[in-house]
Amino acid sequence: MTTDALTAPDAASPAGAEAYIGVSLGRRIRAARTAKKLSMRALAGAAEISQPFLSQIEGGRTMPSILTLFKLAKVLDISPSELLPANEEPEPVHVVRRGEGELVPVSESDDGAISRIISSAATRGATVQEYRIARAPYVGEWFESDGENTIYLVSGALTVELEDRGSWTLAAGDALSHPGALRNRWRIDGAEPAVLLLVHVAER
């Protein structure tokens, strides 16, 4: 199998569905145990199972019986249904290769920044875009949005200006996060182009 075809466990096959349910169930049990501030030993003892068996369950490596599931839920003081995954269809893994993704001009100018949409998932409320700013010096337009923005500079140098808040110069490897409601613009003062990733998380 190539990485191009890599997906999450195939819920359409019995083995894939069982693996997905097992992993999800284990994570939910571990999260509920942590929330109750119970050690693995305490939960296992109260549910009348061994600690190694509970470890196997939380790691998604084995499936508990219905009776064991009810015992665990009782100790955790939750309904057994709350431990089961709400949706048996796992989301697939998406791979975007270099040169793929929708290209979107930031402005009508021929030498403006170009955005490449790498990931856009409305259900998760996050969008990841790669920006390449080839022209230097460069001063972008003012923008604002909902949610929160995180800028990660891959290469070059970039100054991020937030209206009435100040400006910050980023070097390769630096990141800056800010509420989208703050009017912002980007600036390149030097001669080198810049490549950056913009992660926008929408308001829920």
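The basis for the numbers below is simple: all heavy atoms, side chains too, and nothing from hydrogens, waters or symmetry mates.
- When side chains are defined from C-beta on, Ser55 counts as touching Met40, because their heavy atoms get closer than 4.5 Å.
- The line from CD of Gln129 to CG of Leu196 is 10.0 Å long, rounded to the nearest 0.5 Å.
- Leu54 approaches Ala44 most closely through the heavy-atom pair CD2-N, 3.8 Å.
- Between Ile188 and Glu192 the shortest heavy-atom distance is CG2-O, 3.5 Å.
- The closest side-chain heavy-atom distance from Tyr131 to Leu198 is below 4.5 Å.
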Residues 145-159, side-chain donor-acceptor partners within the protein, below 3.5 Å, at least two apart:
{"from": "Asp146", "atom 1": "OD1", "to": "His200", "atom 2": "NE2", "distance (Å)": "3.0"}
{"from": "Asn149", "atom 1": "OD1", "to": "His200", "atom 2": "ND1", "distance (Å)": "2.8"}
{"from": "Thr150", "atom 1": "OG1", "to": "Ser177", "atom 2": "OG", "distance (Å)": "2.8"}
{"from": "Thr159", "atom 1": "OG1", "to": "Thr169", "atom 2": "OG1", "distance (Å)": "3.0"}

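- Here Glu82 does not pair with Arg28 in a salt bridge; the nearest charged N to carboxylate O distance is not below 4.0 Å.
- In this structure, Leu182 and Arg165 have side chains that are in contact, with non-hydrogen atoms separated by less than 4.5 Å.
- The backbone N or O of Glu58 lies less than 3.5 Å from a partner atom in the side chain of Arg30, making a donor-acceptor pair.
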Legend entry - Stepwise side chain to side chain contact (heavy atoms under 4.5 Å, CB included) test for Leu170 and Leu176: CA-CA 8 Å; Leu170 307 180; Leu176 180 148; 4.1 Å; yes
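- In this structure, the side chains of Trp186 and Phe143 stay at 4.5 Å or more apart for every pair of heavy atoms.
- Ion pairing of Arg185 with Glu163 is absent here, as no side-chain N (NZ or NE/NH1/NH2) approaches a carboxylate O to less than 4.0 Å.
- For Asp174 (side chain) and Ala172 (main-chain N/O), no donor-acceptor pair under 3.5 Å exists by modelled atom type.
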Taking only distance into account, with no hydrogens and no angle test, what donor-acceptor pairs under 3.5 Å do side-chain atoms of residues 66-76 form with protein atoms, sequence neighbours excluded?
{"from": "Thr68", "atom 1": "OG1", "to": "Ser65", "atom 2": "OG", "distance (Å)": "3.1"}
{"from": "Lys71", "atom 1": "NZ", "to": "Glu48", "atom 2": "OE1", "distance (Å)": "3.0"}

Legend entry - Candidate pair Glu161 and Arg183, rule salt bridge (charged side-chain N to carboxylate O under 4.0 Å, His left out), full reasoning: CA-CA 8 Å; Glu161 184 179 354; Arg183 278 167 49 89; over 6 Å; no
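- Looking at heavy atoms from C-beta onward, Lys36 lies in side-chain contact with Asp77 at the 4.5 angstrom threshold.
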Inset, instruction - In sequence, state the C-alpha distance, the side-chain angles, and the governing distance for Met63 and Ile21, and then conclude on side chain to side chain contact (heavy atoms under 4.5 Å, CB included). - result: CA-CA 9 Å; Met63 289 281 286; Ile21 294 172; 3.9 Å; yes
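- Residues meeting the side-chain hydrogen bond (donor to acceptor under 3.5 Å, both in side chains) test with Ser79, sequence neighbours left out: Ser81.
- Val139 and Val195 are not part of a single hydrophobic cluster, where members link through side-chain heavy atoms under 4.5 Å apart.
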